[in-house]
Amino acid sequence: MIKEDIRQLLAEAIERAQRNGALPAVPVPEINLDHPPDEQFGDYASSIALKLKRAAGMAPMAIAGAISANLELPRSISLVQVAAPGFINFHLSTEWLQEQVEAVLRAGEQHGQIPLGKGERVQVEFVSGNPTGPLHIGSGRNGALGDSLARVLRAAGYDVQREYYINDAGTQAERLSASVYARYAQLLGREVEFPQDGYPGEYVVDLARALVEAQGDRFLHLPQEEATREVGRLASERVLAWIREDLAAMNVAYDRWFSERSLYESGLFTQVLQLLRSRGYVAEREGAVWFTSSDLGHEKDEVLVRRNGQPTYFASDIAYHYEKFVQRTFARVIDVWGADHQGQVPRLKAALKALDIDPDRLTVILYQLVNVVREGKPVRMGKRTGTYVTLREVLDEVGPDPIRYFLVARSPEATMDFDLDLAKKQSDENPVFYVQYAHARTASILRYAGELDYRVGDVALLQAEPELALIRKMVQLPELVEIAAQGLAPHHLPFYAQDIARVFHSFYTQCRVVSEDVALSRARLKLVAACKLVLANTLHLIGVSAPEEMRRPTDSSAEEADLS
RNA sequence: GGCCCCGUAGCUCAGUUGGAUAGAGCGGCUGGCUUCGAACCAGUAGGUCGGGAGUUCGAAUCUCUCCGGGGUCACCA
């Protein structure tokens, strides 16, 4: 990666300057490298001289001069300038840029990949919603974020595993069971009271109806406790199937689905509880079992096993994370949670500490919740109130690509208003189409060129400013992967995607690709082919499709939309 | 009330481990299709970066304070 190369050049220059006395031998801060705000300042700029000012006790311009005098420039750099108040600016050479077209084509799908992670094993756990009802739009945000993050980390050289934790044990699962059983019995004419804390959603009736159709009234002949359990299990499986379908429709993939219940069945839960106990972090009082987290600086103790003998979600989460770190030996674990779970973070970290696992190995990404707005009014969301907008509805209305792009493009900590009516209307002006259109356009040009073989194109012919501007943008993809991976922030990618699409469209308008000039046509086709790859790779990281062609919505369908 | 997140152009949002003149999309205005896809391009208007104080050569970015919005403080998850 060119950016890394330049950082290295600077580091070497500073070291050399310190050795030959041009700079005092003081500690060097991290070398930053940015894209300058104006192209007159070149392609990359470092303010390292300004940062060294205090320690070195020299004027920043003098420091910059000393560093620049000690730079050994490779052919990728055509010019280095020192600019007030102390910036060092680097200009990429035209010939190096031209070569990058071929480098991108050679790298193919690998273009954008960097060795940052060095194969470190990282798990990304995301969505992990209760299988007690269909996913809502907030889970969609979780899925888009988690999946794109996993793709980014993979591109950044990490060994990534994506996991869904199925909360198929505990109170919520029981509530679903009781709710479905009640609806089931009601459908069959029994006078059964619906549980007060049950799930009121219409889908519960659908689940019950499906059971009646598939199994008749056989559960009514079983003891109620057994029937409830059995009905709950089947309903939960069905709900899980919905969840899998919705996520698959959003192009969200998993390597493993991990059952909470399995923690109990395998005995691991008991084992971890015992381990906590043996380390002296467990106390029993008021009939419950407590994690004495206040001993670890946490604000209060937390219940592990309730008075009724049921373990809490927190307790199983401890066992689950023990399983991740100790049994499966992930170096790092990233959990993607809704902000409403923020309270869980410090106590889980305290539990890791109690188990002698470095809490810093766990990173929890908290994303703010999604407010759904319909007809200008917020829609009250909640699985337990039964009134919420399902992810499926939005997928059907808007389609997976815009949703995915829209959800990834915002930083996790920003609260989102998702206006359903707008999203639907907006589909025509959504930025995702802009980027996809650029890709379809590259494909179209290559189709148009037909037999003209761009592989023999001579990149040295690419000298026009729009051509070079496009290449400059194309070589930035690895940097974006670095930024997104280091910051666990995939939302940068859509902005880059729009950037490169814009530069491509501009190139297209200014440079005729297929013309009478066969040699130039071949060179430009080569550039277009490389650009197509970069667009596709970027869209792939976001989880959005890169279409070979796109069809504009027909006028008649637009009229229908207007009428409705 | 304690803790966490947010407040940047009319709207939706980037930029926040301090750096050069604060950006993008949408919307507005002006211009561009006999030519490889006009779902496009070129140009233009639009800002007390919530208010105030401080640190610094330099602050949207760091500190303090105030205002506004959201979240969370369960033997739910």
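Labels below follow one simple rule: chain letters A, B, ... track the order of the sequence lines, proteins then strands, and each chain is numbered from 1.
A perpendicular orientation is assigned to the rings of A/Phe495 and A/His491, their planes being inclined by more than 60° (bins at 30° and 60°).
Comparing B/rA24, B/rA77, B/rC41 by their closest approach to the side chain of A/Gln498 singles out B/rA24. Listed candidates were B/rC57, B/rU72, B/rA77. Nearest to the side chain of A/Asp340 is B/rU72. When distances are taken from the side chain of A/His491 to each of B/rA77, B/rG15, B/rC41, the shortest belongs to B/rG15. The side chain of A/Ser506 lies closest to B/rA42, out of B/rC36, B/rC75, B/rA42. Nearest to the side-chain atoms of A/Ala440 among the listed nucleotides B/rC13, B/rA77, B/rG37 stands B/rG37. Comparing B/rA77, B/rC75, B/rG37 by their closest approach to the side chain of A/Met550 singles out B/rG37. In the set B/rC57, B/rC40, B/rG37, the nucleotide with an atom closest to the side chain of A/Arg54 is B/rC57. Out of B/rA38, B/rG25, B/rC75, the shortest distance to the side chain of A/Pro431 is found at B/rG25. Listed candidates were B/rG37, B/rC41, B/rC36. Nearest to the side chain of A/Val514 is B/rC36.
Taking atom C1' on both B/rU55 and B/rU63, the two are 7 Å apart, rounded to the nearest angstrom. The same atom, C1', is picked in B/rU8 and in B/rG50; the two are 10 Å apart, to the nearest Å. One P atom belongs to B/rC73, the other to B/rG10, and the distance between them is 37 Å to the nearest Å. On the P atoms, B/rA22 is 14 Å away from B/rG46, given to the nearest whole Å. Annotation: B/rU30 and B/rU48 have their P atoms spaced 25 Å apart (nearest Å).
The side-chain contact (heavy atoms from CB on, under 4.5 Å) test with A/Val282 is passed by exactly one of A/Asp301, A/Leu276, A/Val305: A/Leu276. Remark: of the listed residues A/Trp257, A/Phe126, A/Tyr320, A/Tyr320 is the sole one forming a ring pair (Phe, Tyr, Trp, His ring centres under 6.0 Å) with A/Tyr165.
Not one side-chain nitrogen or oxygen of A/His505 sits closer than 4.0 Å to the OP1 or OP2 atom of B/rA38. Between A/Tyr434 and the phosphate of B/rC26, there is no side-chain N or O to OP1/OP2 separation shorter than 4.0 Å.
When the P atom of B/rC41 is taken as reference, atom CD1 of A/Ile500 falls 14 Å away, rounded to whole Å. Rounded to whole angstrom, the span from the CG atom of A/Asp417 across to the P atom of B/rG69 amounts to 15 Å. Separating the CZ atom of A/Arg441 from the P atom of B/rA39 is a distance of 8 Å, rounded to the nearest angstrom. Atom CD1 of A/Ile445 and atom P of B/rG37 are 7 Å apart (whole Å). To the nearest angstrom, P of B/rA77 lies 23 Å from CZ of A/Phe126.
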B/S/- contact track for nucleotides 1-6 of chain B, protein heavy atom under 4.0 Å: ---BSS
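Residue-environment remark: CD (A/Glu516) stays at or below the threshold of 12 foreign heavy atoms within 6.0 Å.
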For nucleotides 18-22 of chain B, print each protein N/O atom paired with a nucleotide N/O atom at under 3.5 Å, atom names and distance only.
residue	atom	partner	partner atom	Å
B/rA20	N6	A/Asn89	OD1	2.6
B/rA20	N1	A/Asn89	OD1	3.4
B/rA20	N1	A/Asn89	ND2	3.2
B/rU21	O4	A/Asp38	OD2	3.4

